[in-house]
Amino acid sequence: MESMRDVNRVMKREIKKGSTPLQFEQLNFGDYSYNEISSHEKLVQVLSYLLRIGEYKSFAGKTIGNNVYMDIKWKKVVFKRTRLAYERNDIFATIKRLAKKYKLDFAGKLYLETVRCYFTISEEELKKCRYNYKRKDTYAFVLSNKYIMALYTHCLLARKAAAFENIELNSLSEEGISMVKLENVREVLFQALLLDDIKYKESKMYAELCIIYVLY
């Protein structure tokens with residue numbers, strides 16, 4: 001993996017080329033962070049939602065291409081963006097095969113982790129991104145592929161660092177705290193950064209980093 005110095009250099013270059021200077025600030029856990037996947041049917045539902053396919057295909061709007069998804073190519077984990085439904089369906093099929101390989105035990109051994117990746121941007125730059133869509137004020141960010149992948153790298157490294165940091169986790173159960181610290185995690189089945197659904201809370205914006213863990 002590239003050093004953060006290299007990643008930040010890439011971001012600076014992409015900003016000069018026109019990417020919106022959205023910056024990673026922090027990653028937060030909460031009482032929303034852990035949900036058990038208790039059956040094969042529930043796993044299919046969760047994957048379909050994350051990939052915006054099947055019953056959730058209507059969620060695949062114009063910004064679907066901003067999402068970053070885990071895939072397997074030549075037996076190696078890769079992370080990529082997709083724009084077309086068939087690409088996301090291919091990822092869905094790949095992850096289902098991986099789940100079969102892991103011989104999943106749905107008795108408390110599979111969890112969806114959702115953490116919030118907060119981003120910052122100056123008021124001046126934010127004003128440039130404001131526009132009206134269907135009579136509602138919203139924001140649109142111009143982000144190159146390299147810039148999005150750099151943001152993803154920041155989120156991923158922050159998640160890994162959280163396993164070794166003394167952060168307040170009062171809202172989590174003992175099992176949840178163990179997952180934050182990655183103590184009982186056997187495999188990562190899937191992960192995605194959902195930049196197509198950036199939310200706003202208390203004047204801050206965040207996207208959800210979603211990871212499906214297979215536990216021991």
Side-chain angles (χ1 to χ4, degrees), residues 1-2 7 10-11 13-15 17-20 22 24 27 35 37 40-102 104 110-119 129 131 133 138-160 187-199 205-214:
M1 182 176 288
E2 294 177 286
V7 171
V10 168
M11 294 177 80
R13 287 199 297 267
E14 293 305 302
I15 289 171
K17 294 177 183 179
S19 284
T20 302
L22 201 63
F24 175 80
L27 181 147
N35 290 281
I37 300 174
H40 176 76
E41 291 74 21
K42 186 65 176 179
L43 174 60
V44 169
Q45 183 182 39
V46 169
L47 289 173
S48 297
Y49 168 73
L50 296 177
L51 289 161
R52 312 322 196 198
I53 60 174
E55 63 181 301
Y56 299 102
K57 64 182 179 181
S58 62
F59 287 34
K62 293 182 179 180
T63 56
I64 183 67
N66 291 337
N67 292 348
V68 181
Y69 291 115
M70 170 184 158
D71 197 4
I72 307 293
K73 293 294 182 185
W74 308 108
K75 298 183 179 181
K76 292 184 178 181
V77 173
V78 296
F79 301 100
K80 65 183 185 182
R81 300 164 62 200
T82 68
R83 295 187 180 278
L84 303 176
Y86 84 85
E87 294 177 299
R88 298 193 300 280
N89 277 296
D90 285 348
I91 293 174
F92 176 77
T94 297
I95 301 305
K96 282 185 67 179
R97 288 195 296 271
L98 187 61
K100 187 175 181 180
K101 174 184 175 182
Y102 289 155
L104 299 179
L110 195 68
Y111 274 82
L112 170 66
E113 175 186 87
T114 304
V115 291
R116 293 174 179 174
C117 298
Y118 284 87
F119 305 103
C129 301
Y131 81 113
Y133 178 68
T138 186
Y139 298 93
F141 304 114
V142 178
L143 301 170
S144 69
N145 181 66
K146 289 182 179 179
Y147 200 87
I148 286 175
M149 297 308 295
L151 284 177
Y152 173 75
T153 300
H154 271 279
C155 295
L156 187 60
L157 290 180
R159 172 60 190 95
K160 290 181 178 179
E187 302 285 354
V188 172
L189 178 63
F190 185 62
Q191 63 189 55
L193 177 62
L194 303 179
L195 289 170
D196 68 336
D197 187 24
I198 291 180
K199 299 180 176 68
M205 66 181 73
Y206 67 88
E208 293 177 337
L209 176 64
C210 300
I211 306 175
I212 299 177
Y213 291 127
V214 182

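Every heavy atom of this structure was used, including side-chain atoms; hydrogens, water molecules and symmetry mates were not. The first residue of the sequence shown is numbered 1, and numbering continues consecutively from there.
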Taking side-chain contact (heavy atoms from CB on, under 4.5 Å) as the definition, give me every residue that meets it alongside K101, ordered by chain and number, with sequence neighbours left out.
L98

Go through the structure and list residues passing side-chain contact (heavy atoms from CB on, under 4.5 Å) with R13, not counting sequence neighbours.
R9, V10

Test of understanding: with side chain to side chain donor-acceptor pair (under 3.5 Å), list the residues that count as partners of S144, not counting sequence neighbours.
E14, S19

Sort and list the pairs that fulfil side chain to side chain donor-acceptor pair (under 3.5 Å) and have at least one residue in residues 86-96, not counting sequence neighbours.
T94-R97

All ring pair (Phe, Tyr, Trp, His ring centres under 6.0 Å) counterparts of Y49, not counting sequence neighbours
Y56, F59

Using ring pair (Phe, Tyr, Trp, His ring centres under 6.0 Å) as the criterion, list what pairs up with Y111, not counting sequence neighbours.
none

Please enumerate all residues that pass side-chain contact (heavy atoms from CB on, under 4.5 Å) together with A207, with sequence neighbours excluded.
F119, L193, L195, I198

Under the salt bridge (Lys or Arg N to Asp or Glu O under 4.0 Å) rule, collect the residues that match up with K80, sequence neighbours excluded.
D71

Sorted by first residue and then second, give each ring-ring contact (aromatic ring centres under 6.0 Å, His included) pair with at least one member in residues 61-83; sequence neighbours left out.
F79-Y152

Can you list everything that forms a salt bridge (Lys or Arg N to Asp or Glu O under 4.0 Å) with K76? Sequence neighbours excluded, please.
none

Qualifying residues under salt bridge (Lys or Arg N to Asp or Glu O under 4.0 Å), relative to R116, sequence neighbours excluded
none

Can you pull the salt bridge (Lys or Arg N to Asp or Glu O under 4.0 Å) pairs that have at least one residue in residues 138-159, sequence neighbours excluded?
E113-R159

